[in-house]
Amino acid sequence: MATEFMPGEHAPDAAVATEQHHDLPVGQDQLLALIDNTNAVIYMRDLDGRYMVVNREYERLFGLRRNEIVGLTDHDLFPKEVADEFRANDLRAAASGKPVHVEEFAPNDDGPRWYITVKFPLLDSAGQAYAVAGISTDITARRQAEEQVRKLNAELEQRVRERTAELETTARELDAFAYSVSHDLRAPLRSIHGFSRFLEEDYSDRLDDAGREYVARIKSSVAKMGQLIDDLLRLSRATRTELNREPVDISALATEIIEEIRGAEPDRQVEVDIASGLVTTGDSHLLRLALDNLLSNAWKFTGKCEHAAISVGSERQASEQVFFVRDNGAGFNKRYEHKLFDPLQRLHTADEFEGNGIGLAIVHRILSRHGGRIWAESELGKGATFFFTVTSSSPDAEPS
Amino acid sequence: MNNHPIMLVEDNPDDVMFTLRAFKQNNISNEIVVATDGERALDLLFPESDAAPFNPALVLLDVKLPKVDGLEVLRRIRSDPRTQSLPVVVLTTSSEETDIVNSYKLGANSFVRKPVIFDDFVHATKVLGVYWLLVNQAAPDWHTGG
């Protein structure tokens, strides 16, 4: 309906036409009542830009009476740049002969206000524009909200950038630290071991049994510390290396690893059962490291079993694919289960089983980087089962 | 058996001692010339005077070195026609992936991490000596300097 009204050269007549079903034609008072009871700003100016009529909202907004405004131009009411823009939009509507939509802004006592404005020409019987009417709706609140969102987004992006830079710095520092640990701690260890060996080789006739025993203990401690440094580095590397996800054949990996472990201790009789067709998606190097630790543990903790058995398999638990490594070895006390995956924590004394407690921390780190989990079930003396998932149940999640 | 000297580029005097002892225990009798930093290694290989350039059978090169580091020494060795075929074994304490990758990128023939356990060190030296002095066939050009 509005489109019939807006371009009409005789607006009141056009309005009458829309009301043709009624007996009474709509009069000027009624139309004024209509435009006075909206919170849009409505006005009409002739082609010279002189106000012909404004609505009550206009009066309220600019604190002027309509009889004071009629005959004035925007250049009498607004700063020049603002008035120039209003005028240009008026002329554009007059020239185009149809409604134009523009965003305009006007200064106000309580700051600048933004409007979405439709301007349309009023045409005479010859189709010539003789005035331009405008309806302006205040969108300041919306613009402020948008501005706020933009600002928050910019702040957020800035914060993400800062955080990323911090993390990159931390990663670099960690790299430098790992490098220095690797180099600076290993070099003196090598010296201690080397010179202990020299003592044994060159001075063994001048040492008594106790002296020789001390040298042997120095060497054994150095070997342990060397292993500890290597394992800590592996833990740090499991944290630092980039994840490259690809299909991984867990069955094949486990078979390879068991062959390696068996190769180092060919005399041990261990029954190994690896289910076929175990596949997942993950970083093959890191998963190999994780499996290596789990299987080496199983191998180690079945060392005192008469019929050692290790199995690798998978089962579905609550729609998740859960892998497991099971052994019938020493097991652990359920009371200390929460300490199982903490670095340097051991649930067995060094006399019972060797180790430094880094292995399971590495496994835990690797799996959580993949978005997976690890947990264990055991009873002391009756073996242990380590369950793990590699991918998270929600495929998008990728915790660091 | 290649009888040219072996060049050991190593700043840690303990490691120098261990390497010399390990070679001795393995009956490798080649002369061992030690450069205690990268600059000295380069001076020996590329003398500024008219002195004849040093032509070792093998370079054992540490990475972390004072003044000029091992990777820079390696880069210079590979970019000079006189030494580009010289066998270089990077022998270092660290096993940082970046060192391994960069060593091979720059043309190292081998990367060996010095073991903490002396007996393993002796074994590694033996394997290196046997391979590079006995088994490996060196490129014919670099001994004659052309």
Side-chain angles (χ1 to χ4, degrees), chain A residues 171-204 215-244 264 283 285-286 289 356, chain B residues 8-27 32 34 36-38 60-67 69-73 89-103 111-126 128:
Chain A
R172 267 198 305 276
E173 280 169 1
L174 195 61
D175 268 350
F177 177 72
Y179 188 97
S180 137
V181 164
S182 159
H183 195 277
D184 298 347
L185 289 185
R186 284 182 97 249
L189 271 190
R190 214 173 40 247
S191 291
I192 297 170
H193 195 279
F195 288 116
S196 306
R197 195 78 188 92
F198 287 10
L199 276 177
E200 276 181 346
E201 287 173 2
D202 302 349
Y203 296 89
S204 117
V215 172
R217 285 190 183 216
I218 292 172
K219 277 170 52 199
S220 139
S221 291
V222 167
K224 268 185 207 148
M225 186 165 167
Q227 186 61 47
L228 181 58
I229 291 170
D230 285 355
D231 287 346
L232 281 172
L233 276 173
R234 250 176 235 126
L235 177 62
S236 136
R237 215 167 282 162
T239 308
R240 291 180 291 143
T241 20
E242 209 179 309
L243 275 193
N244 292 311
D283 186 291
H285 288 104
L286 289 177
L289 183 56
N356 52 34
Chain B
L8 174 64
V9 190
E10 173 61 74
D11 65 318
N12 182 335
D14 291 0
D15 282 351
V16 171
M17 201 188 264
F18 296 154
T19 311
L20 295 178
R21 185 163 172 132
F23 273 117
K24 200 173 159 197
Q25 287 189 0
N26 287 313
N27 298 315
I32 295 172
V34 180
T36 52
D37 63 52
L60 300 175
L61 182 64
D62 195 5
V63 173
K64 224 176 152 189
L65 289 168
K67 296 184 194 170
D69 75 21
L71 294 182
E72 175 60 19
V73 172
V89 172
V90 174
L91 185 62
T92 179
T93 297
S94 96
S95 61
E96 273 297 304
E97 262 173 50
T98 48
D99 281 350
I100 301 177
V101 169
N102 287 330
S103 296
F111 187 102
V112 176
R113 187 195 195 197
K114 289 179 213 162
V116 164
I117 309 298
F118 184 70
D119 308 66
D120 297 341
F121 189 84
V122 172
H123 179 71
T125 315
K126 180 180 177 178
L128 282 176

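In what follows, chains are A, B, ... by sequence order, proteins preceding strands, each numbered from 1.
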Undergrad: Can you confirm if the aromatic rings of B/F118 and A/F195 lie within a centre distance of less than 6.0 Å?
TA: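 No, the ring of A/F195 stays outside the 6.0 Å limit from the ring of B/F118, centre to centre.
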
Undergrad: With rounding to the nearest 0.5 Å, note down the distance linking CG in B/D120 to CZ in A/R190.
TA: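 Atom-to-atom, B/D120:CG and A/R190:CZ are 12.0 Å apart.
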
Undergrad: Calculate, to the nearest 0.5 Å, the distance between atoms CD1 and CG belonging to A/I192 and B/D14 respectively.
TA: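 CG of B/D14 is found 10.0 Å from CD1 of A/I192.
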
Undergrad: Hey, what do you get for CE (B/M17) to CZ (A/F198), rounding to the nearest 0.5 Å?
TA: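 B/M17 atom CE to A/F198 atom CZ measures 6.5 Å (nearest 0.5 Å).
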
Undergrad: Write down the atom of B/K64, the atom of A/D184, and the distance for their closest heavy-atom approach.
TA: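 Distance-wise, the nearest heavy atoms are NZ-OD1, 3.1 Å.
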
Undergrad: Give the minimum heavy-atom separation between A/D230 and B/R113, together with the two atoms involved.
TA: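 Result for this residue pair: OD1-NH2, 2.9 Å.
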
Undergrad: Measure the spacing between CD1 of B/I117 and NZ of A/K219 and express it to the nearest 0.5 Å.
TA: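 Going from CD1 on B/I117 over to NZ on A/K219, the span is 8.5 Å.
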
Undergrad: Could you pull out the closest heavy-atom pair between B/V116 and A/H193, with the gap in Å?
TA: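 It is O-CB, 3.5 Å.
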
Undergrad: Quick one: which of A/S191, A/G226, A/S196 has the most heavy-atom pairs under 4.5 Å with chain B, could you say?
TA: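 Heavy-atom pairs under 4.5 Å are most numerous for A/S191.
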
Undergrad: Got a second to check how far A/R197's CZ is from B/F18's CZ, nearest 0.5 Å?
TA: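 Rounded to the nearest 0.5 Å, the CZ-CZ separation comes out at 12.0 Å.
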
